Amino acid sequence: MKVLITGASSGIGKDLTKLLINKYDELVLVARNDERLKLLKEELNKIPNKRIIVIALDLSKFENCKKLFEEHKDIDLLINNAGFGDCGYFEKTDLDKDISMINTNIIAVHTLTKFYLAEMLKNNKGHILNVASIAGFMPGPLMATYYASKSYVVKLSESIREELKHKKTNVKISILCPGPVKTNFEKTANVEFQISKASSYDVANYAIKHLNRFYIVPGFKNKLARIGAKILPNFIIAKSVYKVQKKRIH
Ligand SMILES: NC(=O)c1ccc[n+]([C@@H]2O[C@H](COP(=O)([O-])OP(=O)(O)OC[C@H]3O[C@@H](n4cnc5c(N)ncnc54)[C@H](OP(=O)(O)O)[C@@H]3O)[C@@H](O)[C@H]2O)c1
C-alpha cells in the first residue's frame with residue numbers, strides 16, 4: 001500500500017506521515033524543503049521494511065504536479081495537505097504571496113485531485129484526503145484569500161463526493177477541517193492565534209481514525225463553529241471573524 005503526502009516536511013503533514021508509516025509500506029513525501037524531508041526520511045528509515053521516497057518540489061507550479069503524478073501514479077491514499085495562509089487587509093496583502101497561495105492551496109489540490117481521481121476510478125480503488133480548514137465554511141475578513149482558498153477545497157470535494165455516490169466505485173474522498181493548530185502556519189501567515197491550539201499530532205491522529213468519514217472536523221469547538229456557519233447568516237459570521245482576526249494580526 002502506497003500513500004502520497006504533500007506538505008510532509010512539517011506540522012500536520014509530518015505527523016500524518018509518522019502515524020501512517022504503520023499502515024503503509026511505501027510513502028511518497030513531498031514539500032519544498034529538501035533538508036527537512038531528508039531528516040524525516042532518516043528518522044523513518046529506522047522502521048524496517050518501508051520504502052520512503054522524498055521529493056523536494058514546489059507544488060505551486062503546475063508542471064511539478066504533473067511530474068509528480070506521472071512518476072507516482074499508483075497511490076492508494078493521496079493527502080493534499082500542502083498549504084499556507086496570509087493575513088491583513090485584502091488591498092495590502094502581497095499579491096505575489098496571494099497568487100502563490102492560490103496556486104498551492106487551490107490549483108495544486110485541484111490538479112492532483114483530478115489526476116489521481118481519474119487513475120483511482122480506473123483501478124476502482126483509492127482515497128483522497130483534502131486538507132481544508134474550518135475556515136472553508138465561512139467568510140474570512142483579514143485572511144480573505146486563505147479562507148476563500150479553503151472554501152474552494154470544501155466545495156470541490158463536496159461536489160466530487162456527490163459524483164462518486166452516483167458511480168459504482170470503491171474510490172472515496174474526505175476533507176479534514178481543523179481549527180487552529182500549533183504548526184509553522186502562524187509564522188508563514190503572520191498571525192498569532194489567541195485561542196487554544198490543537199497539537200498537530202492530535203489532529204493527524206483524529207484524521208486517520210476518522211478517515212471513513214467525509215467531513216473530518218477535529219475538536220468540539222470546531223464542530224460547533226461548523227454548525228454556527230450553517231445556521232447563521234454570512235454577514236454575522238463575517239463580523240465575528242473580523243473581530244477575532246483583528247486581534248490576531250501583527
Ligand atoms: N495550522 C493551522 O492552524 C491549520 C488549520 C486548518 C488547516 N490547516 C491546513 O493544514 C495544512 C498543513 O499546514 P500546517 O498547519 O501543518 O502548516 P506548516 O507546518 O506550515 O506545513 C505546511 C506544509 O506545506 C508545505 N508547503 C507549503 N507550500 C508548498 C509548496 N508550494 N509546495 C510544496 N509544499 C508546500 C510546507 O513545506 P515546505 O515549506 O518545505 O515546502 C509544509 O510541509 C495546510 O493546508 C493548512 O492550510 C492548518
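A quick note: this is a predicted structure, and the numbers were derived from the prediction, not measured. The first residue in the sequence is number 1, and the count goes up from there. Values reported hereafter were calculated over all heavy atoms of this structure, with side chains retained and with hydrogens, waters and symmetry mates removed. Remember, it's 1-based here, ligands and their atoms both numbered in the order they're listed.
Among all protein heavy atoms, the one lying closest to atom 5 (C) of ligand 1 is Gly179 O, 3.1 Å. Here the heavy atom of the protein found nearest to atom 32 (N) of ligand 1 is Leu59 N, 2.9 Å. Looking only at heavy atoms of the protein, atom 3 (O) of ligand 1 is closest to Val181 N, 2.8 Å. At the shortest separation from atom 25 (C) of ligand 1 among protein heavy atoms lies Gly7 CA, 3.6 Å. Looking from atom 16 (O) of ligand 1 to the surrounding protein, the closest heavy atom is Ile12 N, 2.8 Å. For atom 28 (N) of ligand 1, the closest non-hydrogen atom on the protein side is Arg32 NH2, 3.2 Å.
Those atoms of ligand 1 with a heavy atom of Gly11 less than 4.0 angstrom away are 16 (O), 19 (O). Which parts of ligand 1 touch Phe193 is read off a 4.0 Å heavy-atom cut-off, strictly below it: atoms 3 (O). Residue contact check: Val131 has heavy atoms under 4.0 Å from atoms 9 (C), 10 (O), 11 (C) of ligand 1. For ligand 1, the atoms lying closer than 4.0 Å to a non-hydrogen atom of Arg36 are 39 (O), 40 (O). Close approach to Pro180 involves these atoms of ligand 1, each under 4.0 Å from a residue heavy atom: 3 (O).
Side-chain contact between Asn33 and Leu37: absent, with no pair of heavy atoms (C-beta onward) separated by less than 4.5 Å. Using a 4.5 Å cut-off on side-chain heavy atoms (C-beta onward), Lys243 and Lys239 make no contact.
In this comparison of Asn222, Asp58, Thr188, Asn81, the heavy atom closest to atom 12 (C) of ligand 1 sits on Asn81. The residue from Phe185, Phe84, Tyr146 that puts a heavy atom closest to atom 8 (N) of ligand 1 is Tyr146. When Gly83, Gly13, Ser9 are ranked by how near their heavy atoms come to atom 22 (C) of ligand 1, first place goes to Gly83. With distances taken over non-hydrogen atoms, the option nearest atom 1 (N) of ligand 1 out of Val109, Thr183, Val153 is Thr183. Of all the listed residues (Ser10, Pro218, Cys177, Ala189), Ser10 holds the heavy atom that lies closest to atom 21 (O) of ligand 1. Between Ser60, Cys65, Ala82, it is Ala82 that holds the heavy atom closest to atom 24 (O) of ligand 1.
The CG atom of Asn105 lies 8.5 Å from the OG atom of Ser100; values are rounded to the nearest 0.5 Å. For the atom pair NZ (Lys67) and CD1 (Ile55), the distance works out to 7.5 Å, reported to the nearest 0.5 Å. In this structure, OG1 on Thr93 lies 10.0 Å from CG on Leu142, to the nearest 0.5 angstrom. Atom-to-atom distance recorded for Ser60:OG and Ile106:CD1 is 13.0 Å, nearest 0.5 angstrom.
Ligand 1 has Leu57 within reach: a non-hydrogen atom of the residue lies less than 4.0 Å from it. At a 4.0 Å cut-off, at least one heavy atom of Pro178 sits close enough to ligand 1 to count as contact.
Under 4.0 angstrom from ligand 1, the non-hydrogen atoms of Thr104 all belong to its side chain. Here Ala132 has backbone heavy atoms under 4.0 Å from ligand 1, and that is the only part of it that gets that close. Residue-level proximity to ligand 1 for Lys150 is carried by the side chain, the only part with a heavy atom below 4.0 angstrom.
In this structure a side-chain-to-backbone donor-acceptor pair under 3.5 Å is present from Asn222 to Pro218. No donor-acceptor distance shorter than 3.5 angstrom exists from the side chain of Asp34 to the backbone of Ala56, with no hydrogens or angles considered.
Salt bridge annotation for Lys155-Glu158: present, with a cationic side-chain nitrogen under 4.0 angstrom from a carboxylate oxygen.
Side-chain polar atoms of Ser157 and Asn130 form a donor-acceptor pair below 3.5 angstrom.
For the ring-ring contact (aromatic ring centres under 6.0 Å, His included) with Tyr146, the qualifying choice from Phe84, Phe185, Tyr152, Phe90 is Phe185, the only one to do so. Each of Lys2, Lys125, Lys122 was compared with Asp74 under the salt bridge (Lys or Arg N to Asp or Glu O under 4.0 Å) criterion, and only Lys2 meets it.
Counted within 6.0 Å of CD on Glu63, heavy atoms from surrounding residues, nucleotides or ligands total more than 12; the atom is thus considered enclosed.
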